[in-house]
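What you see is a predicted model, and the numbers here were worked out from it, not measured in a lab. These values consider heavy atoms only, across backbone and side chains, with no hydrogens, waters or symmetry-generated copies. Naming convention: chains lettered A, B, ... in sequence-line order (proteins, then strands); numbering from 1 in each chain.
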Amino acid sequence: MSSAPELKATLSLPQTAFPMKANLPQNEPLRLKKWAEMRLYEKLRETCGGRPAYLLHDGPPYANGPIHLGHALNKGLKDFVVKSKTMAGFDSPYVPGYDCHGLPIEIKVDEQLGRKKLEMPAPAVLEACRAYAQKYIDLQTQQFERIGVFGRWQKPYMTMARDYEARTLEAFFGFLEKGFVYRGLKPVYWCIHDRTALAEAEVEYENHTSPSIYVRYKLTSAPEALSPALAGREVYTIIWTTTPWTIPASMAVTFHPDFEYVALATEEGSVYIVAAELAATVVAACKLGSTTELARIKGSELEHSTYKHPFLERSILGVLGTYVTADQGTGAVHTAPSHGADDFYTGQKYSLDQTCRVDSAGRLHADPQAWQLSSPPPFEDKTVWQANPIVVAMLEEYRALLAVSDLEHSYPHCWRCHNPVIFRATEQWFISLETPMKRDDSSETTFRQLTIEEIDKVVWDPSWGKERITNMIATRPDWCISRQRIWGVPIAVFLCEGCNDPIIDPALDKKIVGLFEREGAEAWHTAAISDLLPAGTKCPKCGGTTFRKETDILDVWFDSGTSWFAVCESDADLRSAYQSFQKGKATEVLYLEGGDQHRGWFHSSLLTSVALRGRAPYSHVATAGWTLDEQGRAMSKSLGNGVDPVDIAERMGGEIVRLWVASIDFREDMAASENLMARCAELYRKLRNTFRFLLGNLSGFDPARDRVLESGLLPLDRYMLARTRELTEKILGFYETFEFHRVYHAVNEFAIVDLSSFYLDVLKDRMYTFAPTSQERRSAQTVLWQITEALVRLVAPILSFTADEVWEYLPQVAGREESVHLTLFPKLEAIFSSDPAPMLDEWKQIFAVRDEALRVLEEARQAKRIGKGLEADIEIAASGDLLVLLHRHAAGLKEIINVSNVRVVESAQDVPLDVTALPASGHKCARCWNFMPEVSSYGIWQNVCTRCKNALKEMGINPPAGHEPPEAAA
RNA sequence: CCAGGGAUAGCUCAGUUGGCAGAGCGCGUGAUCGAUAAUCGCGAGGUCGUGGGUUUAACUCCCACUCCCUGGACCA
């Protein structure tokens with residue numbers, strides 16, 4: 001290597017320490033640590049103090065496992081909202097929450113404890129549940145922080161916290177005292193072995209052999225009312241069931257209103273009514289022999305027909321139900337309201353007796369009075385399984401049994417003991433949707449109606465959410481809020497031993513809430529009745545003096561549904577902002593969750609808030625779709641198509657997870673896969689490189705010293721500022737409407753099309769070869785700086801790690817914030833002072849000319865007439881207004897077309913535009929590679945153009961001495 | 001079965017009040033070693049889910065259907 005100075009060394013090539021390779025998996029944790037050390041979230045709260053508030057209230061995820069992609073999406077979107085609102089000038093605190101009570105955790109803990117649980121005292125079981133939830137709260141917190149979500153992670157809200165449990169109970173008492181709550185029956189799955197109610201999730205379907213029986217019910221209403229052909233005949237209908245033990249509870253026979261039924265006469269004279277479609281199979285199964293069709297009857301006409309119970313003194317009512325199917329059975333369904341969901345609701349509709357005469361151990365009990373029995377029936381005190389053959393025998397005895405056989409079918413079993421379960425109507429707590437309420441103007445309405453009216457005052461995004469939740473509220477049954485479980489907030493109410501009525505006493509309620517505040521929900525299990533209930537308490541209804549504690553707990557949806565009360569109204573960091581929302585419309589309160597929450601959290605929160613405060617708990621509800629795989633299938637463990645956000649963060653970076661969240665329209669279903677994550681990573685690299693190049697070209701630029709005023713900028717540079725203002729305005733709008741995917745696309749397009757492939761490319765000549773302090777170069781740097789300053793802020797809510805990193809490499813400015821996250825979005829006028837539209841319009845024409853020039857150049861290149869851009873000249877012939885415009889911009893055309901020379905000439909009248917590409921004239925400058933009219937030597941450097949010589953002089957670089965003859969090439 | 005949503009290039013998304021289908025990525029291909037584990041140019045790729053209707057004209061408006069997704073109902 002020669003020690004002679006190289007010409008290349010005199011160029012101002014980009015220089016920056018900002019690394020090209022991000023190394024996100026290693027570097028993100030370091031940045032997280034830095035943020036923690038500088039207490040960034042707390043600093044944000046201080047900085048934002050006094051600004052108008054914007055509240056995003058967190059829907060609590062369930063703390064029973066590591067986070068999945070849906071969680072990452074959810075928290076990512078929320079983080080975008082909170083950060084963008086903060087940078088838009090709001091005070092937007094974020095208090096994350098966790099849903100802790102409920103079945104999934106209790107089941108897990110059950111599994112861990114095994115049968116030991118049954119002997120453990122309640123507080124010990126609760127302790128185990130708490131520990132389980134806490135473990136996953138800690139894990140999820142760490143995982144959410146890892147993907148860059150800002151929030152009060154040191155102190156999230158938890159539905160199992162003492163004060164939260166106290167507030168939940170307080171909310172329940174509110175319902176109770178205001179008269180929303182009643183106790184009623186509801187059928188639930190019941191395991192008679194474990195003597196417990198089971199939730200849907202605790203039921204497993206296994207094969208089971210049941211007796212399948214056909215039973216005839218004798219018609220007692222007038223046969224001729226159904227059809228004249230039946231007059232005087234002995235008429236029956238036939239029911240089919242696999243649970244003979246429910247026959248004593250049989251209250252009705254359900255027909256399908258739209259089915260056609262036939263009345264078939266057998267040879268021995270009896271007439272049987274069954275569904276026409278099933279007639280043949282029933283006749284065969286019951287061996288009815290040859291039959292004659294006497295009449296056809298529409299199902300709806302069988303309503304209010306009456307029958308006699310096969311062996312009890314009871315009238316059975318003919319009722320209608322559309323759930324009757326023609327797949328199996330007879331089309332006439334035996335209906336025991338206390339032992340089936342359909343049966344129960346049908347029973348409600350027809351006011352049938354719903355009393356359950358099967359006890360918690362599954363033993364049947366007769367009601368001798370109602371049944372007019374002289375002695376206990378043979379099934380008295382037998383379990384349902386023992387009762388089956390007894391009932392079959394009774395049916396036989398009473399000549400009602402037409403057929404019996406064994407049937408193996410899929411039947412619900414207890415998940416734990418694997419015994420078959422039964423349906424049993426049990427007493428539950430309900431909130432009535434028909435509770436009378438008053439509007440603000442004190443007009444009368446109902447809870448349901450007022451809720452629907454409040455829905456209308458909320459902004460639903462997407463808008464169809466309003467219709468969806470309105471439909472749900474309009475048609476939903478009363479809210480069953482009790483669960484026969486332990487892991488939850490107890491329904492801390494005393495029931496009279498005499499009449500089973502609850503004691504409703506605000507003073508007592510307050511006392512119990514206070515107890516919960518101090519000791520948590522455990523207190524209900526440990527406290528003695530006498531400690532809480534004042535001596536001498538009498539039941540206001542029956543005067544009873546002995547009481548018991550209710551052992552049910554509240555539905556977990558009630559827990560999370562009161563978070564607006566337990567958190568927004570109660571937490572010191574949120575209280576005042578939330579109250580200002582409740583008082584008027586000044587403050588927005590946003591709930592943002594998956595669309596499934598229309599029946600979940602949006603729903604339960606709405607109900608509790610309307611009941612207790614007379615209004616919705618939010619002003620704005622945004623919903624996300626579902627995450628699917630690349631083929632549009634739901635993610636599932638069995639398909640193995642899941643994408644684990646934690647894994648992606650560890651391998652590619654949390655930033656990539658964030659970028660994926662930003663890349664899709666979350667309102668619809670969203671595809672995710674390893675492949676799509678890799679795409680985001682690609683794009684990330686491009687963006688990062690663009691930032692790197694921007695920073696590299698800002699080296700040596702001190703805004704305070706070198707910044708060029710807008711009026712002094714070169715036209716191209718001013719144009720780019722106009723573009724940047726346009727982009728900024730667009731992006732701020734997208735943030736405003738939560739269209740993050742549009743931010744993503746707009747930023748990409750700008751970085752790739754406007755910057756990388758146009759402006760930055762075209763600027764190289766100026767940036768590299770002009771003197772560093774020249775006006776032209778400072779003009780470009782001013783704009784590059786402003787673009788970077790704008791872009792880094794615009795991107796910060798999404799690329800939170802990288803933006804903050806870029807921030808550290810920007811030219812230092814006195815008094816600037818420590819982190820990009822403490823800044824505000826750029827102001828439009830600060831980027832470009834006037835409306836950018838006129839300038840953008842003008843440049844559209846210039847770009848049309850440029851496009852044509854590039855096309856012609858490409859053509860010439862293909863024909864090998866020219867090589868690269870700088871080896872060509874361009875001649876543009878135009879006329880009229882365009883010619884005037886081009887003349888005005890003549891000085892800049894060479895740069896934007898990236899050739900050595902551009903000549904603008906007047907074209908013949910009828911040709912609007914004609915572009916010609918020519919081999920460049922002049923000589924190639926060894927320094928700037930432009931073809932120039934004159935090149936000569938500069939010291940030992942040969943073939944240097946005048947422009948470069950001047951630049952070198954300006955840089956203070958004298959012609960270097962050497963042995964070469966000072967002669968220029970021809 | 002009920003309610004709600006979706007369908008535009010291989011992928012992610014644009015397509016304003018109906019007027020010749022767009023961008024980026026990816027892919028293919030060329031240039032380049034002064035953004036180089038980079039950068040730039042060029043190219044191929046869509047009957048806008050299907051079938052009707054309204055209109056001079058439909059990706060866009062109307063009707064029906066198919067498929068996918070979400071939530072719920074149901075299996076005596």
Any A:K868 side-chain N or O less than 4.0 Å from OP1/OP2 of B:A31: no

Re B:U47: Watson-Crick or G-U wobble partner, both distances kept under 3.5 Å, found to be none

Give A:H598 one of three labels, base, sugar-phosphate or nothing, depending on what nucleic acid heavy atoms sit under 4.0 Å from its own. nothing

Under a 3.5 Å limit on both distances, the Watson-Crick or wobble mate of B:U16 is none

At under 4.0 Å, does any side-chain N or O of A:W626 touch on OP1 or OP2 of B:U70? yes

Does the structure show a Watson-Crick or G-U wobble partner for B:A7, both distances under 3.5 Å? Name it, or say none. B:U66

Which base sits across from B:G41 as a Watson-Crick or G-U pair, both distances under 3.5 Å? B:U29

Indicate whether OP1 or OP2 belonging to B:A14 is found under 4.0 Å from a side-chain N or O atom of A:H741. yes

Is there a salt bridge (Lys or Arg N to Asp or Glu O under 4.0 Å) between A:E749 and A:K730 once you walk through the steps? CA-CA 13 Å; A:E749 212 170 314; A:K730 232 166 49 176; over 6 Å; no

G-U wobble or Watson-Crick pairing nucleotide for B:C1 (cut-off 3.5 Å, both distances): B:G72

Using both distances under 3.5 Å as the test, list the Watson-Crick or G-U wobble partner of B:U60, or none. none

Less than 4.0 angstrom between a side-chain N/O of A:Y768 and OP1 or OP2 of B:A35, yes or no? yes

N/O (side chain, A:R742) to phosphate O (OP1/OP2, B:G15) under 4.0 Å: yes

Pair A:H334, A:T246: side-chain N/O donor-acceptor within cut-off below 3.5 Å: yes

Determine whether any donor atom in the side chain of A:T475 lies under 3.5 Å from an acceptor atom in the base of B:A3, or the reverse, and answer yes or no. no

